[in-house]
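Structure first, commentary second.
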Amino acid sequence: MERPQRSLPQGARLKRGKKVKKTIGIVGFGVIGQRWAAAFSHAGHSVRVYDRSADQEAGFRQLLPSLLADLDAVRPPRDTEPGEIVLFASMADAMAGVDFVQENGPENLEIKRTLLPQIEACVGDDVIIASSSSALLVSEMQTECRIPGRIVLGHPFNPAHLMPLVEVVGGKLTDSEAVVAAKALYEEIGKKPVVMNREITGHLALRLMGAMWREAIALVRDGVASVEDVDRAFVYGPGPKWTLQGSFISNQLNATGMEDFLRKYGPTYQAIWDTLLDAKLDEETIAAVTKSTAAAVGDRSQDQLKAEREAGLVAILNDVARHGAL
């Protein structure tokens with residue numbers, strides 16, 4: 001049996017520097033795939049889409065103008081028209097001639113292990129394939145690939161068309177140049193990629209969120225505070241500062257530097273860490289959090305909440321672009 005090729009073939013490098021219009025393949029066209037398509041199109045790239053379901057196009061065409069309007073509000077003025085987005089009935093047709101693939105299949109390891117080789121069979125050997133997986137490890141996804149060196153993680157943050165963050169990391173068999181090239185492409189379309197030095201379950205942002213949310217859920221479960229007040233504490237406490245400068249720089253500014261901060265306030269944080277609560281999503285906890293969340297939401301609908309979120313994100317992201325330090 002022939003061993004899988006570990007590295008990218010010679011010449012498998014996305015062009016950097018001057019913007020070059022590319023053809024992007026999208027596999028999986030649910031919520032994430034649709035927003036990736038809008039982001040790539042908004043940057044001027046042509047987009048070719050494949051999804052097993054043939055029912056996505058009508059809804060997407062209705063949604064696309066609002067997605068592009070969101071992007072217009074947070075990205076510099078375009079010097080090109082949006083790239084064409086075309087949906088195809090077969091993967092082979094969709095992936096013909098693409099320069100880069102963004103895969104958005106179900107969050108299931110066996111499906112990924114089957115899907116990635118199927119994509120490989122439809123694209124050139126120099127095409128990088130990025131997975132939007134939110135928790136799976138690239139090393140476990142790339143095991144059946146013919147050229148595992150081109151498989152990377154490209155995990156966006158929701159809503160994926162607006163939020164700048166993309167987490168990028170390779171697996172054990174990934175060529176480092178594939179990570180570099182993927183990062184460059186994401187930067188070119190206006191994203192803010194972070195490159196992880198090694199894989200870990202949940203990647204970076206979800207682990208940070210998970211740590212904070214575990215404590216938040218436990219506080220609600222134990223009756224320390226309501227969902228509304230826990231969220232308010234974050235929104236009007238560390239949230240704005242961390243949005244502009246992150247946690248480390250923000251805390252450093254509370255002293256003469258990071259070492260001074262850690263020596264002054266380290267004991268306080270250690271006392272907090274020593275008493276952090278644990279949360280298990282048992283029926284009692286789910287019921288308590290659901291009830292308190294419903295009280296915070298009131299009579300606002302999901303659509304209203306999403307519209308409020310999108311409008312607020314546009315304003316926040318524009319402010320961060322003007323004043324942020326990262």
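Remark: E110 engages N108, R113 in a side chain to side chain contact (heavy atoms under 4.5 Å, CB included) (not counting sequence neighbours).
Note that NZ of K191 and CD of E167 are 12.5 Å apart. Values are rounded to the nearest 0.5 Å. If you take CD on E81 and CG on L68, they are separated by 10.5 Å, rounding to the nearest 0.5 Å. For the atom pair CG (D319) and CZ (R322), the distance works out to 4.5 Å, reported to the nearest 0.5 Å. To the nearest 0.5 Å, atoms CZ (F157) and CG (L165) are separated by 6.5 Å. Between N251 atom CG and W242 atom CH2 the span is 6.5 Å, to the nearest 0.5 Å. Taken to the nearest 0.5 Å, the CG atom of L137 stands 9.5 Å off from the CG atom of L153.
Using a 4.5 Å cut-off between side-chain heavy atoms of Ile, Leu, Val, Met, Phe, Trp and Tyr, with links allowed through other members, L64 and L87 fall into the same hydrophobic cluster. Each of L313 and V320 belongs to its own hydrophobic cluster when Ile, Leu, Val, Met, Phe, Trp and Tyr are linked at side-chain heavy-atom distances under 4.5 angstrom. The hydrophobic cluster containing L206 does not contain L281, counting ILVMFWY residues as joined when their side-chain heavy atoms lie under 4.5 angstrom apart, directly or transitively. I24 and F60 fall within the same hydrophobic cluster, where Ile, Leu, Val, Met, Phe, Trp and Tyr residues are linked whenever their side-chain heavy atoms come under 4.5 Å apart, directly or through other members. Following chains of ILVMFWY side-chain contacts shorter than 4.5 Å, one cannot reach L317 starting from L244, and the two form parts of different hydrophobic clusters.
Proximity of a side-chain donor or acceptor of K264 to a complementary backbone N or O of E259 within less than 3.5 Å is not detected. Side-chain atoms of R146 never come within 3.5 Å of backbone atoms of A121 as a donor-acceptor pair (strictly under, hydrogens ignored). Formation of a donor-acceptor pair under 3.5 Å by the R150 side chain with backbone atoms of I128 is not found in this model. Looking only at distances, a side-chain donor or acceptor of N318 sits under 3.5 Å from a matching main-chain atom of A73. Of the possible donor and acceptor atoms, one in the side chain of T293 sits under 3.5 Å from a partner among the backbone N and O of V289. In this structure a side-chain-to-backbone donor-acceptor pair under 3.5 Å is missing from K21 to S46. Without hydrogens or angle criteria, E103 side chain to G105 main chain gives a donor-acceptor distance under 3.5 Å. Formation of a donor-acceptor pair under 3.5 Å by the E107 side chain with backbone atoms of S134 is found in this model. With hydrogens and angles ignored, the 3.5 Å screen pairs no side-chain donor or acceptor of E144 with any backbone N or O of P117.
Apart from V31 itself, the hydrophobic cluster it occupies contains nothing, where clustering links Ile, Leu, Val, Met, Phe, Trp and Tyr at side-chain heavy-atom distances under 4.5 Å. Here Y236 is tied into one hydrophobic group with V235, each link being a pair of ILVMFWY side chains closer than 4.5 Å. Annotation for V86: hydrophobic cluster partners, listed by chain and number, are F88 (ILVMFWY side-chain heavy atoms under 4.5 Å, direct or chained). In this structure, Y265 belongs to a hydrophobic cluster whose other members, linked by side-chain heavy atoms under 4.5 Å apart, are F248, M258, F261, L262, Y269, I272, W273, L276.
A side-chain N or O of Q102 and one of S132 form a donor-acceptor pair less than 3.5 Å apart. When only modelled atom types and interatomic distance are considered, E228 and S292 share no side-chain donor-acceptor pair under 3.5 Å.
Atom CZ of R309 has more than 12 neighbouring heavy atoms from other residues, nucleotides or ligands inside a 6.0 Å radius. For R263, the CZ atom sits in a loose shell: 12 or fewer heavy atoms of surrounding residues, nucleotides or ligands are nearer than 6.0 Å.
Nearest heavy atoms, T174 versus Q142: OG1-NE2, 3.1 Å. When all heavy atoms of R61 and P65 are compared, the pair lying nearest together is O-CD, 3.3 Å. Scanning all heavy atoms of the two residues, the minimum distance from T23 to G97 falls at CB-O, 3.9 Å. Of all non-hydrogen atoms in S41 and V47, the two that sit nearest each other are N-CG2, 3.9 Å. The heavy-atom pair separating R48 from V98 by the smallest distance is CD-CG1, 4.0 Å. In terms of heavy atoms, H161 sits closest to R75 at O-NH2, 3.7 Å.
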Quiz prompt | side-chain contact (heavy atoms from CB on, under 4.5 Å) between L185 and F40, worked out | solution = CA-CA 10 Å; L185 178 60; F40 282 115; 4.0 Å; yes
Quiz item: Where do D72 and H42 land on the side-chain contact (heavy atoms from CB on, under 4.5 Å) test, with the steps shown first?
Solution: CA-CA 8 Å; D72 279 340; H42 185 268; 2.9 Å; yes
Exercise. Could you walk me through whether L63 and R35 pass side-chain contact (heavy atoms from CB on, under 4.5 Å), step by step?
Key: CA-CA 10 Å; L63 179 65; R35 281 151 182 78; 3.7 Å; yes
Practice problem: Evaluate the side-chain contact (heavy atoms from CB on, under 4.5 Å) criterion for residues K112 and E140: first the C-alpha distance (whole Å), next the side-chain angles of each, then the deciding distance (0.1 Å), finally the verdict. | Solution: CA-CA 9 Å; K112 299 281 189 184; E140 295 179 351; over 6 Å; no
Self-check item: Derivation and outcome, salt bridge (charged side-chain N to carboxylate O under 4.0 Å, His left out), residues E310 and K306
Solution: CA-CA 6 Å; E310 256 75 327; K306 287 180 181 179; over 6 Å; no
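Aromatic ring orientation, Y186 versus F100: perpendicular (interplanar angle above 60°, classes split at 30° and 60°).
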Please tabulate, for the side chains in residues 213-224, all donor-acceptor contacts under 3.5 angstrom to protein atoms that are two or more places apart in sequence or on a different chain.
| from | atom 1 | to | atom 2 | distance (Å) |
| --- | --- | --- | --- | --- |
| E215 | OE1 | L277 | N | 2.8 |
| R221 | NH1 | D278 | O | 2.8 |
| R221 | NH2 | D278 | O | 3.1 |

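Y50 places none of its side-chain heavy atoms less than 4.5 Å from the side chain of V101.
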